[in-house]
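Single-structure report; data block below.
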Amino acid sequence: MPSKADVKAWKAQLVAQAEQQILKLTDSDQFKKYLNTLAKFHRYSARNIDLIYAQNPQATQVSGFKQWQKAFNRTVNRGAKAIRIAAPIIKKLTPAEQKHLDTTDERAIVGYRYLPVFDVAQTSGEPVLSAKDFVKENLADHQNETSLYNAFKDYLNQQTDLKVSEVPLATLNGAKGYFQPSTNEIVIGGDEPDNALKLKTLYHEYAHSQLHGLKSVFKDRPRAYQETQAEAVAYVAMQNIGVDTSNYSLGYVATWAKDTAVIHSALSEIQQVSNKVIELSDGLTKQLGLQEAQEGPEHDLKMLAAQSLNKSYQSLQQQIQQTTSPQQKAQFKNQLHEIHEEISERTQKQLKAFAKKNPEIKQPDSEPDQSLKR
């Protein structure tokens, strides 16, 4: 049984290991690996993202031992080494403790414990499907990338105090876009032919508006620091929706990756804005119907518009043809059958409604002519 001192030392080692891994992020390739982890685990705390990355930079989805069994019908492979993450210890406060802490809260975090989780690669069983895998295929279509760009631009113009406008690329002196803090305006090269780059540019400039606007506490960061942060947020946002923009420069990270305090501050700021962009993008892709075809049995087909239902049907047909996994093929076929039943039911209702409104149209006999039977 390890002593308290041993446990404390082990926890300190985990955190130190995470810090050392981040200190190695002094080139674009390493930084992209970290940002990939950030995109995959954007709902984790910055501390746990660091811990996951330090212990397994290739991790894509983590869960506890029992959670893999109950929620995913998968089992952790024998001999798999757990990844440890920090979980808060919450205690109900006594009146005396509330007074001592000068709080009216009934509960408070009194410490942390380190829980074991396992990456999906360390498990076996039924395939784990991610909606974002399918969003990638949908967004590969230029029209859909343009749709998401327009939806995000409209959202910023209509729901925020930002103004987004477009100008010809020729007027931007080689840039793809810019953010003007004094007017709180984002300007994008409207005739950019690469739709993925155009969307990424909007994410980049939006990150500037959130991190480096006039009211931001980070507005005085050095230029290289600001550009690296903004490009990092854009990269994370594009990775989140399944579009790989790794061929675009992430900036020269080594200019600020020398100091531990600056690193943690920068990554924490990146995470905050990345979370916001990811949530906005997820909501917009759902509104645009880019995730509707793959949301699984829990998705209410009766709520889908006819056009979306037909798109879902066509998309699943393509999925069945392309997948090589028998389990995935079977799952897609089940979803296709559900959609087929819904389309059939709607068609029958429409035919009945039409017949009721047009009684003059002769209806077929309930018993067909025997001469037509074969």
* Using the six-membered ring of Phe118, assess whether NZ or CZ of Arg74 lies under 6.0 Å from its centre and within 45 degrees of the ring axis. => no
* Report the distance from atom CD of Glu166 to atom OH of Tyr149, rounding to the nearest 0.5 Å. => 3.5 Å
* Transitively linked via ILVMFWY side-chain contacts under 4.5 Å: Tyr203 with Tyr155? -> yes
* To do: Given side chain to side chain contact (heavy atoms under 4.5 Å, CB included), test Asp105 with Gln98 step by step and report yes or no.
  => CA-CA 7 Å; Asp105 294 339; Gln98 287 178 315; 5.7 Å; no
* **Thr171 versus Val167, closest heavy-atom pair with distance** => OG1-CG2, 3.5 Å
* To do: Show your reasoning for whether side chain to side chain contact (heavy atoms under 4.5 Å, CB included) applies to Lys176 and His204.
  => CA-CA 10 Å; Lys176 302 295 183 182; His204 179 109; over 6 Å; no
* Can you label the angle between the Phe152 ring and the Tyr206 ring as parallel, tilted or perpendicular, going by 30° and 60°? => perpendicular
* Within a reach of under 6.0 Å around NZ of Lys219, are more than 12 heavy atoms found that belong to other residues, nucleotides or ligands? -> yes
* To do: Fit a plane to each ring of Trp68 and Phe72, take the angle between them on a 0 to 90° scale, and name the class: parallel (under 30°), tilted (30 to 60°) or perpendicular (over 60°).
  => tilted
* CG on Asn184 to CG on Leu162, rounded to 0.5 Å -> 4.5 Å
* Are more than 12 heavy atoms from other residues, nucleotides or ligands located less than 6.0 Å from atom CD of Gln158? -> yes
* Asked: In terms of hydrophobic clustering (I, L, V, M, F, W, Y; side-chain heavy atoms under 4.5 Å; direct or indirect links), are Ile90 and Tyr112 co-clustered?
  -> yes
* Asked: With the 4.5 Å side-chain cut-off for hydrophobic clustering, are Val233 and Phe218 part of the same group?
  -> yes
* Would you say the side-chain atoms of Glu106 pair up with the backbone N or O of Lys92, donor to acceptor, closer than 3.5 Å? -> no
* Single-linkage hydrophobic cluster, 4.5 Å side-chain cutoff, Tyr178 and Leu169 together -> yes
* To do: For Asn56 and Val62, run side chain to side chain contact (heavy atoms under 4.5 Å, CB included): C-alpha distance rounded to whole Å, both residues' side-chain angles, the deciding distance at 0.1 Å, then the answer.
  => CA-CA 10 Å; Asn56 187 350; Val62 298; over 6 Å; no
* Heavy atoms only: give me the nearest Ala82-Pro116 pair and the separation to one decimal. => CB-CB, 3.7 Å
* Asked: Which heavy atom in Arg113 sits nearest to a heavy atom in Ile89, and how many Å separate them?
  -> NH1-CG1, 3.7 Å
* Nearest heavy-atom neighbours spanning Ser124 and Asn77 -> OG-OD1, 2.6 Å
* Asked: Quick one: CD on Gln180 to CD on Glu205, what's the gap to the nearest 0.5 Å?
  -> 11.0 Å
* To do: Quick one: pull up OG1 in Thr123 and CD in Gln67 and give me the separation to the nearest 0.5 Å.
  => 12.0 Å
* Asked: Hey, quick one: are Leu197 and Val187 part of the same hydrophobic cluster, counting side-chain heavy atoms closer than 4.5 Å, chains of contacts allowed?
  -> no
* **Donor-acceptor contact present, side-chain Gln122 to main-chain Lys81, <3.5 Å** => yes
* Show your reasoning for whether side chain to side chain contact (heavy atoms under 4.5 Å, CB included) applies to Asn157 and Lys163. => CA-CA 5 Å; Asn157 276 325; Lys163 179 183 177 183; 4.2 Å; yes
* To do: Can you measure from CD1 (Ile85) to CD1 (Ile52) and round to the nearest 0.5 angstrom?
  => 6.0 Å
* Any chance you could measure Arg221, atom CZ, to His212, atom NE2, to the nearest 0.5 Å? => 7.5 Å
